[in-house]
Amino acid sequence: MPVFPTNEEVTLEGTAVSPGLAFAPAHIIARGIQAPEIYEISANHIESEIKRVHCALEKTRQQISKLQKHIEEISDAADGQIFEAHIMLLSDTSLIKKVEKAIKERLQNAEFSFYAIIQNYAEAIRRVNDPYLAERAADIDDIAQRVLRNFSTSDSSQVEEDGPDHSHIVIAHDITPSDTVSMDRRQSLGFATEQGSPNSHTAILARSLGIPAVVGLQGLIIEIQALSNTILDGYAGKLIINPKPSTVAYYKDIERRKKEEEIELDKLRDDKTSTIDGRDITLSANVEFNHEFPLVESSGAAGIGLFRTEFYLLGQGEIPAEETQYQVYAEAARCTFPHQAIIRTLDAGGDKLPAEPLPEPEPNPFLGWRGIRVSLSRRGMFKEQLRAILRASAHGRLGVMFPLVSAIGEIMIAKSILHECMVELDKEGLAYDPNIEVGVMIEVPSAAIMADELAKEVDFFSIGTNDLIQYTVAVDRVNKHVSDLYKPTNPAVIRLIKRTIDAANANGIWTGVCGEMASDLALTPLLIGLGVDEMSVGTHQLPRIKQAIRSISHAQCAALADEALSMRFSSDILQLTQ
Ligand code: PEP
Ligand code: MG
């Protein structure tokens with residue numbers, strides 16, 4: 001099994017998606033097979049660990065033979081043949097030798113050594129582009145899982161010297177948004193993946209949770225030995241395995257300088273966000289979890305520009321009741337007052353969790369049952385959220401906005417349901433703000449094109465550039481193979497943003513940007529020049545954006561935006577912004 005040499009420093013390059021540094025041992029999670037505990041063993045436990053491998057394999061062989069006999073009894077002999085390959089794999093001497101060697105050389109426990117070797121087998125097969133072989137990889141996963149269950153810990157005599165509850169850097173083929181949410185922040189100091197892109201919800205969540213992250217690693221993670229010392233560089237997008245003392249010192253110095261920089265930025269916290277020639281910008285925060293509410297004020301934000309409620313609503317098994325939601329939204333209102341907190345209604349689907357289990361996978365989730373479409377087809381659930389938001393509006397300054405609107409009819413129905421909730425609350429004598437601002441996210445080209453009509457229906461626009469880019473250019477925001485085409489500076493995107501802002505201005509409403517484009521320092525002058533009134537960004541990036549806005553002139557930004565609007569190529573606009 002190829003493994004990076006244990007004493008040599010190796011650097012894997014990737015894309016930085018969440019800033020920060022982490023120093024910790026590697027915790028490798030393969031795809032398909034659930035990772036067992038990993039710990040180091042001492043040399044005098046090698047033999048007992050090897051014995052545990054043999055016992056687990058034997059136990060599995062016996063179980064499979066029994067299963068095979070049972071199938072042959074109730075069906076016919078040929079059906080039992082499918083287990084032959086499983087039994088052969090369990091008796092494969094080259095596999096067993098490799099596991100024994102891994103235990104001896106890496107001094108890691110039996111089940112993890114077995115896992116490391118078998119997942120390598122499965123991965124090698126998976127990487128051959130052949131549907132028949134892909135199925136065999138699933139068989140290997142299945143048998144491996146069975147063997148792992150058969151490792152009994154009771155007969156193990158080893159002492160855990162470095163148990164699983166130590167700090168680590170998660171290294172995986174891919175990580176879903178829900179894996180990211182459930183990461184234990186005290187133990188998982190960062191993550192690096194082979195897949196992924198900066199605009200996926202996994203990356204967005206990593207930023208909001210403050211977990212350093214690197215995606216699109218060039219190099220096979222299965223070659224990394226578990227528990228190797230690593231440094232994750234979430235600034236430059238690197239994973240350094242077995243770093244030399246001089247490399248560690250270099251990164252410790254960067255860490256120190258970043259802390260000093262943060263102390264400097266913190267001094268701007270209470271300052272206004274205006275350009276040097278006096279244009280005020282509302283700089284607000286994107287949040288995904290209620291535990292982030294206190295960070296809004298401490299980051300210097302003027303309220304919340306986007307509360308992505310789906311992680312709160314879908315992250316706990318079942319959607320919280322109206323009363324529980326009301327408490328959370330009221331907390332947002334209180335924490336941000338006198339500023340506004342904009343609650344976005346559920347945006348399920350796409351790469352996020354579905355609102356409910358789907359009968360079959362969607363062929364194109366990003367073009368499917370997502371955003372407002374889900375809410376409008378689950379009226380009861382939608383009304384509970386709207387009632388909770390309305391009731392919470394009595395405790396501060398709330399706004400409500402709807403995601404993925406692609407037609408005026410949708411916003412009209414959403415508004416009529418909101419009105420229905422207001423009438424109900426009036427009857428029940430429950431307080432709410434009747435003037436709560438209602439907004440629409442502009443994240444589908446059809447909405448941007450119809451912005452002049454939509455503007456007549458709402459109090460504000462919030463441009464969701466993450467989706468607006470993917471739908472305008474037809475580039476999946478999480479697919480790394482087309483990530484070169486995913487460009488915020490695409491002229492069509494810039495023109496749609498301009499069109500949206502012009503429509504808002506003509507109708508006397510304001511426009512914000514809450515997509516990741518607003519967090520990109522290089523694009524701040526362009527957005528200001530295009531005329532945005534509000535920008536909503538993650539709390540970690542917010543002080544830097546504030547500093548940037550305070551150092552630029554609106555007049556110069558407007559000239560830059562005019563020039564960008566006359567350009568035909570993304571690369572030219574990109575160059576203009578650098
Ligand atoms: C966006 O699309 O830009 C946005 C802010 O929404 P989300 O990233 O949650 O889809
Ligand atoms: Mg979106």
Side-chain angles (χ1 to χ4, degrees), residues 17-18 176-178 180-181 196-209 283-289 292 304-315 341-355 364-375 399-406 410-411 439-448 460-479 486-490 493-494 496-497 500 511-520 523 527 532 534-539 541-542 545:
V17 295
S18 181
T176 64
S178 54
T180 316
V181 176
S197 73
N199 297 293
S200 66
H201 287 97
T202 298
I204 291 171
L205 285 170
R207 289 192 283 274
S208 75
L209 292 166
L283 182 60
S284 47
N286 286 355
V287 295
E288 276 74 40
F289 308 98
E292 290 179 278
I304 295 173
L306 165 66
F307 177 15
R308 287 185 166 95
T309 55
E310 49 278 5
F311 299 105
Y312 157 61
L313 294 178
L314 305 175
I342 298 174
I343 319 285
R344 176 176 77 181
T345 60
L346 178 72
D347 185 15
D351 66 334
K352 296 181 234 188
L353 287 172
N364 292 302
F366 276 118
L367 300 182
W369 201 49
R370 234 205 111 175
I372 192 78
R373 300 168 187 180
V374 174
S375 295
V400 57
M401 69 179 176
F402 303 107
L404 209 85
V405 168
S406 57
E410 288 170 335
I411 197 76
V440 63
M441 288 195 71
I442 303 292
E443 40 186 2
V444 181
S446 59
F460 67 91
F461 286 155
S462 185
I463 307 179
T465 48
N466 305 338
D467 279 316
L468 186 61
I469 298 166
Q470 86 163 342
Y471 294 124
T472 303
V473 195
V475 178
D476 181 340
R477 66 194 257 189
V478 298
N479 181 342
Y486 187 96
K487 291 201 168 66
T489 52
N490 185 298
V493 173
I494 303 303
L496 285 179
I497 294 176
T500 304
T511 308
V513 173
C514 62
E516 293 304 296
M517 193 173 168
S519 299
D520 187 338
L523 301 177
L527 288 179
V532 300
E534 184 242 23
M535 286 164 67
S536 190
V537 305
T539 51
Q541 182 67 348
L542 195 136
I545 300 287

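Note that the structure is predicted; figures quoted are calculated from it, not measured. Just follow the structure's listing: the first ligand is 1, and inside any ligand the first atom is 1.
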> Which protein heavy atom lies closest to atom 7 (P) of ligand 1, and at what distance to 0.1 Å?
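Looking at atom 7 (P) of ligand 1, the protein heavy atom closest to it is His201 NE2, 3.3 Å.
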> Hey, are the side chains of Leu314 and Leu346 touching, using non-hydrogen atoms and a 4.5 Å cut-off?
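Heavy-atom side-chain distance check passes, below 4.5 Å.
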> I'd like to check Thr465 versus Val513 (side-chain heavy atoms, cut-off strictly below 4.5 Å). Are they in contact?
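Thr465 reaches Val513 side chain to side chain.
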> Checking one value in my table: which N/O/S atom of Asp467 lies closest to the Mg ion (ligand 2)?
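Going through the N, O and S atoms of Asp467 one by one, OD2 ends up nearest to the Mg ion (ligand 2).
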> Measure up the Tyr471 and Phe366 rings against each other and bin them: parallel (under 30°), tilted (30 to 60°), perpendicular (over 60°).
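Tyr471 vs Phe366 ring planes: perpendicular.
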> I'd like to know whether ligand 1 has Glu288 as a neighbour, heavy-atom separation below 4.0 Å.
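Checking ligand 1 against Glu288, which is what was asked, there is no heavy-atom contact under 4.0 Å.
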> Any idea which atoms of ligand 1 are less than 4.0 Å away from a heavy-atom of Gly464?
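In order of numbering, the contacting atoms are 1 (C), 2 (O), 3 (O).
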> Between Asn286 and Cys514, is there a donor-acceptor pair closer than 3.5 Å when you use the side chain of the first and the backbone of the second?
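Yes, Asn286 side chain to Cys514 backbone: donor-acceptor pair under 3.5 Å.
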> Determine whether a donor-acceptor pair (N or O, by modelled atom type, separation under 3.5 Å) exists between the side chain of Ser536 and the backbone of Ala285.
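Yes.
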> Heavy-atom distances under 4.0 Å decide this one: backbone, side chain, both or neither, for Ile463 against ligand 1?
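The answer is neither; Ile463 stays 4.0 Å or more away.
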> For the Mg ion (ligand 2), find the closest N/O/S atom belonging to Glu443 and write down its atom name.
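Of all N, O or S atoms in Glu443, the Mg ion (ligand 2) lies closest to OE1.
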> Going by heavy atoms in the side chains, are Ser284 and Ile304 under 4.5 Å from each other?
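No; the side chains remain at least 4.5 Å from each other.
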> Judged by atom type as modelled, is there a donor-acceptor pair below 3.5 Å linking the side chain of Arg477 to the main-chain atoms of Asn199?
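A pair under 3.5 Å: yes.
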> Within a distance under 4.0 Å of any heavy atom of Leu306, pick out the atoms of ligand 1 and give their elements.
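Under 4.0 Å from Leu306, ligand 1 has these atoms: 5 (C).
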> Tell me whether Asp467 has any N or O atom under 3.5 angstrom from an N or O of ligand 1.
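Yes, there is a polar N/O contact under 3.5 Å.
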> Give the atoms of ligand 1, by number and element, whose distance to some non-hydrogen atom of Arg477 is under 4.0 Å.
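The atoms of ligand 1 under 4.0 Å from a heavy atom of Arg477 are 2 (O), 7 (P), 8 (O), 10 (O).
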> Would you mind reporting whether Ile463 and Glu443 have side-chain heavy atoms less than 4.5 Å apart?
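Answer no - side chains too far apart.
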> Yes or no: does Glu516 have any heavy atom under 4.0 Å from an atom of ligand 1?
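No heavy atom of Glu516 comes that close to ligand 1.
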> At under 4.0 Å between heavy atoms, which part of Asn286 makes contact with ligand 1: side chain, backbone, both or neither?
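Answer for Asn286: neither.
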> Going by the order shown, which atoms of ligand 1 are within less than 4.0 Å of some heavy atom of Glu443?
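The atoms of ligand 1 under 4.0 Å from a heavy atom of Glu443 are 1 (C), 2 (O), 4 (C), 6 (O).
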> With respect to the Mg ion (ligand 2), please indicate if Asp347 possesses an N, O or S atom at a distance under 2.8 Å.
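No - counting backbone and side chain alike, Asp347 has no N, O or S atom under 2.8 Å.
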> When you measure from atom 5 (C) of ligand 1 to every protein heavy atom, which one gives the shortest distance, and what is it?
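So the nearest neighbour among protein heavy atoms is Arg308 NH2, 3.4 Å.
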> Starting from atom 6 (O) of ligand 1, what is the nearest protein heavy atom, named by residue and atom, and what distance separates them?
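Of the protein heavy atoms, Arg344 NH1, 2.9 Å lies nearest.
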> May I ask you to list the atoms of ligand 1 that are less than 4.0 angstrom from any heavy atom of Arg370?
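Under 4.0 Å from Arg370, ligand 1 has these atoms: 10 (O).
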> Quick check: does any side chain N or O of Arg370 sit under 3.5 Å from a backbone N or O of Pro365, one acting as donor and the other as acceptor?
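It does not hold such a pair.
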> Flag the pair Val405 / Val444 as yes when at least one side-chain heavy-atom distance between them is below 4.5 Å, and no otherwise.
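Not touching, per the 4.5 Å side-chain cut-off.
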